[in-house]
Asks: 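Got a structure for you, written out below as structure tokens; questions coming shortly.
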Amino acid sequence: MKKLGFGTMRLPLTDRNDPASVDVKTTAEMFDRYLAEGFTYFDTAYFYHKGRSESVIGDLLVKRHPRESFTITDKLPIDFLHEKSDVQRIYGEQKQRLGTEYFDWYFMHAISRERFDTAKELGVLDFLAKKKEEGEIRRIGFSFHGKPEELEYILSDYVPELVQIQLNYYDWFDSGVESSKLHDIAVKHGVQLSIMEPLRGGALASPPQEVKEALAGIVPGASPAEAGIRFAASMENVMIVLSGMSSMDQLTENMAYMKDFKPLSKEQLDKMAALNTLLDSCTRIKCTACRYCVDGCPMKIAIPEYFELYNKSEIFGMRMAFTGKYKKLSETHGKAKDCLSCGACEQVCTQGLPISSLMAEVSAKFDK
Ligand code: SF4
Ligand code: SF4
């Protein structure tokens with residue numbers, strides 16, 4: 001199987017403000033072209049494009065192409081399950097939207113330790129095993145969003161045939177995601193991997209100029225997108241790398257280097273993984289997260305964490321992941337706007353940062 005998977009969570013739209021307004025004509029052309037070039041793997045989920053992703057796959061693939069000429073991976077949204085009967089109801093709805101008799105891969109969606117326990121309590125594992133026995137599901141997996149220790153907890157209990165994790169050269173060592181640890185745990189348990197966010201939502205397709213230049217030295221002749229996707233595809237046990245392609249141009253570019261995929265060398269991979277330091281150094285607030293300032297803040301503001309979110313949003317653009325983390329942190333800490341400009345933190349800051357004025361900038365971004 002070719003290693004470029006078609007992620008259908010960012011399909012072209014006719015109205016950019018309405019995720020359900022999938023541009024069916026352009027999508028049909030992209031799907032047909034992808035199949036014509038010998039690629040086969042489509043990834044969808046219950047709520048992508050407000051549910052339209054599944055029905056678009058049903059209309060454009062299942063109805064128009066031989067079912068064995070492509071594979072569908074769909075996902076059960078564990079957060080939508082409140083009682084056992086919800087499992088069969090949503091599963092049935094998905095089959096109906098797709099118009100398919102079977103799923104090539106069927107995942108539990110966005111599994112964390114907590115969601116895995118919920119899935120077990122609601123009998124999801126037994127349900128999936130039964131559907132597999134009946135031939136409606138060919139292979140079982142889960143997509144994972146959590147910390148490495150949670151993945152270890154789950155895989156020590158249950159080993160599926162495929163696990164989907166976030167992996168890219170920035171997150172390889174990033175303390176928020178720790179792709180390298182997730183990867184190594186999966187390999188240790190002998191699990192094949194599907195990779196999501198190889199370009200971090202598209203951000204690594206156009207990184208800062210310094211990073212572009214460094215990449216050109218490591219993978220000569222490759223665009224940042226090519227280098228990023230080949231980084232993920234070169235890792236051990238990686239079966240497929242998903243790209244959420246939104247235009248024919250993106251699809252054409254990705255297929256050109258993934259048609260006859262050439263893995264990067266160990267040296268190239270190591271050099272790319274080290275670029276996270278350069279990416280971080282392109283950031284505006286040079287906080288080293290030493291935490292000297294934290295205890296003295298009368299408003300219990302999460303100073304280094306807020307600076308990290310600010311920096312990431314400067315590199316990668318404002319994203320739900322950052323606003324969500326800020327919101328969660330500010331439930332137990334002062335918000336950036338609560339800063340009293342008392343200066344206690346600035347007196348101890350090891351980097352001499354003008355924390356109170358920087359906090360005003362953080363607030364302008366996050367306290368809306
Ligand atoms: S200046 Fe703001 S962030 Fe710094 S200690 Fe005072 S309240 Fe906390
Ligand atoms: S003391 Fe300065 S460098 Fe250290 S965590 Fe606080 S803001 Fe960051």
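One is the number of the first residue; the rest follow in order along the sequence. Every number for a ligand or one of its atoms is a count from 1 in the order of the listing.
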Asks: Tell me if the CD atom of E331 is crowded by more than 12 foreign heavy atoms within 6.0 Å.
Replies: yes
Asks: Applying the side-chain contact (heavy atoms from CB on, under 4.5 Å) test to S53, which of F42, Y48, F47 qualifies?
Replies: Y48
Asks: How close does the nearest protein non-hydrogen atom get to atom 2 (Fe) of ligand 2, and which residue and atom is it?
Replies: C349 SG, 2.4 Å
Asks: Have a look around atom 2 (Fe) of ligand 1 and list protein N/O/S atoms under 2.8 Å, or say none.
Replies: C339 SG
Asks: Checking F116 now: which residues fulfil ring-ring contact (aromatic ring centres under 6.0 Å, His included) with it, not counting sequence neighbours?
Replies: none
Asks: Look at atom 6 (Fe) of ligand 2 and say which protein heavy atom is nearest, naming residue and atom and giving the distance to 0.1 Å.
Replies: C293 SG, 2.3 Å
Asks: Among protein heavy atoms, which lies nearest atom 4 (Fe) of ligand 2, and at what distance?
Replies: C290 SG, 2.3 Å
Asks: Which ligand 2 atoms are under 4.0 Å away from a heavy-atom of R291?
Replies: 4 (Fe), 5 (S)
Asks: Flag the pair D126 and K131 as a salt bridge only when some basic side-chain nitrogen lies within less than 4.0 angstrom of an acidic carboxylate oxygen.
Replies: no
Asks: Q351 heavy atoms, cut-off 4.0 Å: which ligand 2 atoms fall inside?
Replies: 3 (S)
Asks: Determine, for R33 against E37, whether the closest basic-nitrogen to carboxylate-oxygen distance falls under 4.0 angstrom.
Replies: yes
Asks: Taking only Lys NZ, Arg NE, NH1 and NH2, and the carboxylate oxygens of Asp or Glu, determine whether D260 and K2 approach each other closer than 4.0 Å.
Replies: no
Asks: Tell me, which protein residue and heavy-atom name are nearest atom 8 (Fe) of ligand 2, and how many Å apart are they?
Replies: C287 SG, 2.4 Å
Asks: Does this structure show an ion pair linking R10 with E197, if we count only N-O contacts that are shorter than 4.0 Å?
Replies: yes
Asks: Count I, L, V, M, F, W, Y as connected when their side-chain heavy atoms are under 4.5 Å apart, and connections chain through other members. Are Y153 and F107 then in the same cluster?
Replies: yes
Asks: Rounded to the nearest 0.5 Å, how far does NE2 of H189 lie from CG of L151?
Replies: 7.0 Å
